[in-house]
2 protein chains.
Amino acid sequence: MSAQARSRRKSAAPAVRSVAQELKQSRPFRSLAQEALLAVMVTSDRLASRLDRELAAAGDITRQQYNVLRILRGAGAEGLPTLEIAERMIERTPGVTRLLDRLELKGWIERQRSAEDRRQVRCKVSRSGLALLARLDAIVDEFDDLPDSAFGDAELRELIRMLDALRALYP
Amino acid sequence: MSAQARSRRKSAAPAVRSVAQELKQSRPFRSLAQEALLAVMVTSDRLASRLDRELAAAGDITRQQYNVLRILRGAGAEGLPTLEIAERMIERTPGVTRLLDRLELKGWIERQRSAEDRRQVRCKVSRSGLALLARLDAIVDEFDDLPDSAFGDAELRELIRMLDALRALYP
DNA sequence: CGCCGATAGTTGACTAGTCATGCAATCGCG
DNA sequence: CGCGATTGCATGACTAGTCAACTATCGGCG
């Protein structure tokens, strides 16, 4: 199958810039592998900061805070203990504790020590947190689905496969 | 060309885990596009934190500090003004100023107000900074070239192309 | 029962990135 | 020439992520 299958480009094409150009890098890359790794990281940064801006504009919330709210919504009425949230975020606990502090301050979550195991702190989305999520979901969905218009399914699968394989190289 | 051309897998395969598995995510993704975006970000995080650990172990330095040192080495004996460094890092100035503060404290760079334009601060790698870089380059090169053993050139080119195209969607 | 190790979280001290502000040096234009 | 706009950084106040150390609770075992 052709490389650029169905990449319908916009009228005034937004110019596909290479990683080297984005970085104003003078010298070329040592290897294709190096360029690929850098491309992954630069692309990720761009995606993340774009989403950060949209979320901040729409709901004065950060991406990580949004993620925690979604995780908690998914967990239902009983909520989740702190460490469980940390695991799903692939992040160390201390950061999560403080992130939850901020979420609680803004009134988007509620926390209370578990009765069965008093070491645990159960966290759940508040009513206003759910309302916020409802507003934000549309924005995030639109953001997430943008590639569908420019890539075919086969291409996306290929991209995902390569990224999964790449991760497997760095355990 | 076949999808998994020459992916020589190791004997006891390191198990290719999907993004969903990494995240302990219960529900599947809404779209392939969403999965791809998440794969980019999760993979980037993994790569970055792996490299972070190796650099910290080898030279008590962070990835960003290492990047600045490399940029300055590339700039030669005259060094670069602060804002120029910031541009090449795709980062806002305040962060760079403070990063340079820390680099100077550790003795890896030297700074001084430019004579021609006294608003500028010229930064250059110190002798000890160069020595550090020499030690670290081997480590980073090895890290960067790892994918060469698992991917073919055509695959890497394809990956890079898709990531470039993806970035173009989020200007 | 009582103590000891494991588990759940919090706190402190860093690095880093972001925005808003402030200030000094330089440029440009009348 | 001089004065206002621009440029180049620095500082302050946040969010976030990391490691190390500490507290409180639970569970199991003698």
Side-chain angles (χ1 to χ4, degrees), chain A residues 41-42 44-57 59-69 79-106 108-109 111-123, chain B residues 41-42 44-57 59-69 79-106 108-109 111-123:
Chain A
M41 299 206 239
V42 169
S44 170
D45 271 14
R46 268 282 275 289
L47 294 173
S49 68
R50 280 281 315 214
L51 189 50
D52 282 345
R53 265 184 290 140
E54 298 201 17
L55 285 174
D60 192 32
I61 189 174
T62 68
R63 193 162 33 95
Q64 293 79 337
Q65 291 175 359
Y66 172 76
N67 279 336
V68 170
L69 287 190
L80 286 176
T82 304
L83 286 189
E84 189 71 25
I85 299 172
E87 257 183 70
R88 304 204 190 183
M89 312 245 316
I90 324 184
E91 195 182 307
R92 309 290 170 248
T93 332
V96 175
T97 293
R98 284 185 269 251
L99 208 154
L100 291 170
D101 289 345
R102 290 185 282 270
L103 285 176
E104 192 175 26
L105 249 162
K106 297 214 186 187
W108 293 329
I109 66 162
R111 287 195 284 185
Q112 61 175 40
R113 291 241 160 235
S114 161
E116 309 93 71
D117 183 342
R118 298 192 29 71
R119 289 170 302 179
Q120 289 189 342
V121 176
R122 297 206 79 86
C123 313
Chain B
M41 300 204 241
V42 169
S44 171
D45 271 13
R46 267 282 274 290
L47 294 173
S49 68
R50 281 281 314 216
L51 189 50
D52 282 346
R53 266 184 288 142
E54 298 201 16
L55 285 174
D60 193 30
I61 189 175
T62 68
R63 191 162 34 94
Q64 292 82 336
Q65 291 175 358
Y66 172 76
N67 278 336
V68 169
L69 287 190
L80 286 176
T82 305
L83 286 188
E84 189 71 25
I85 300 172
E87 257 183 69
R88 304 203 191 185
M89 312 246 315
I90 324 182
E91 195 181 307
R92 309 291 169 246
T93 330
V96 175
T97 294
R98 284 185 269 251
L99 208 153
L100 291 170
D101 288 346
R102 290 184 283 269
L103 285 176
E104 193 175 26
L105 250 161
K106 297 215 186 188
W108 293 329
I109 68 163
R111 286 194 286 184
Q112 61 176 40
R113 291 240 159 235
S114 160
E116 309 93 71
D117 185 341
R118 299 189 30 70
R119 288 170 303 180
Q120 289 189 343
V121 177
R122 296 205 79 85
C123 313

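Here is the naming used below: chain letters follow the sequence lines, and residue numbers restart at 1 for every chain.
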**Request:** With the side chain of B:Glu91 defined as its heavy atoms from C-beta on, choose the nearest nucleotide among C:dG17, C:dG9, D:dC9.
**Result:** C:dG17
**Message:** For B:Asp117 and A:Lys106, find the nucleotide of DNA chain D closest to each by heavy atoms; which residue's nucleotide sits nearer the 5' end?
**Reply:** B:Asp117
**Pairwise side-chain contact, B:Thr62 with B:Arg102, heavy-atom cut-off 4.5 Å (strictly under)** = no
**Request:** Would you mind telling me which of D:dG12, D:dC9, C:dT11 lies closest to the side-chain atoms of B:Gln120?
**Result:** D:dC9
**Request:** State whether B:Gln64 places a side-chain N or O below 4.0 Å from either non-bridging phosphate oxygen (OP1 or OP2) of C:dG17.
**Result:** yes
**Prompt:** Can a side chain N or O of B:Thr97 be found less than 4.0 Å away from OP1 or OP2 on D:dA10?
**Reply:** yes
**Message:** Regarding B:Arg53, tell me which of base, sugar-phosphate or nothing describes its non-hydrogen contacts under 4.0 Å with the strands shown.
**Reply:** nothing
**Prompt:** If you check the B:Pro94 side chain, which of D:dA16, C:dT10, C:dA20 turns out closest?
**Reply:** C:dA20
**Prompt:** DNA chain D: A:Val96 or A:Arg113, which has the more 5' nearest nucleotide?
**Reply:** A:Val96
**Asked** Quick one: on DNA chain C, does A:Ser49 or A:Leu80 contact a more 5' nucleotide (nearest heavy atom)?
**Response** A:Leu80
**Prompt:** Is there a donor-acceptor contact under 3.5 Å from the side chain of B:Arg63 to the main chain of B:Asp52?
**Reply:** no
**Prompt:** Between D:dG12 atom P and B:Asp101 atom CG, what is the distance in whole Å?
**Reply:** 12 Å
**Request:** Give one of base, sugar-phosphate or nothing for B:Pro81, where a contact means two heavy atoms less than 4.0 Å apart.
**Result:** sugar-phosphate
**Asked** For the side chain of B:Arg92 and the base of C:dT21, is some donor closer than 3.5 Å to an acceptor across the two?
**Response** no
**Message:** Regarding B:Thr82, tell me which of base, sugar-phosphate or nothing describes its non-hydrogen contacts under 4.0 Å with the strands shown.
**Reply:** sugar-phosphate
**Prompt:** Side chains of B:Leu83 and B:Gln120: closer than 4.5 Å at any heavy-atom pair?
**Reply:** no
**Message:** Taking atom types as they are modelled, would you say the side chain of B:Arg118 forms a donor-acceptor pair with the base of D:dG8 within the 3.5 Å cutoff?
**Reply:** no
**Request:** Give B:Asp52 one of three labels, base, sugar-phosphate or nothing, depending on what nucleic acid heavy atoms sit under 4.0 Å from its own.
**Result:** nothing
**Asked** Considering only heavy atoms and no angle criterion, is a donor-acceptor pair shorter than 3.5 Å present between the side chain of A:Arg119 and the base of D:dG27?
**Response** no
**Message:** Taking A:Arg119's backbone N and O only, do any of them form a donor-acceptor pair with A:Arg113's side chain (distance below 3.5 Å, no angle check)?
**Reply:** yes
**Message:** Less than 4.5 Å apart, side chain to side chain, heavy atoms only: is that true for B:Lys106 and B:Ile61?
**Reply:** no
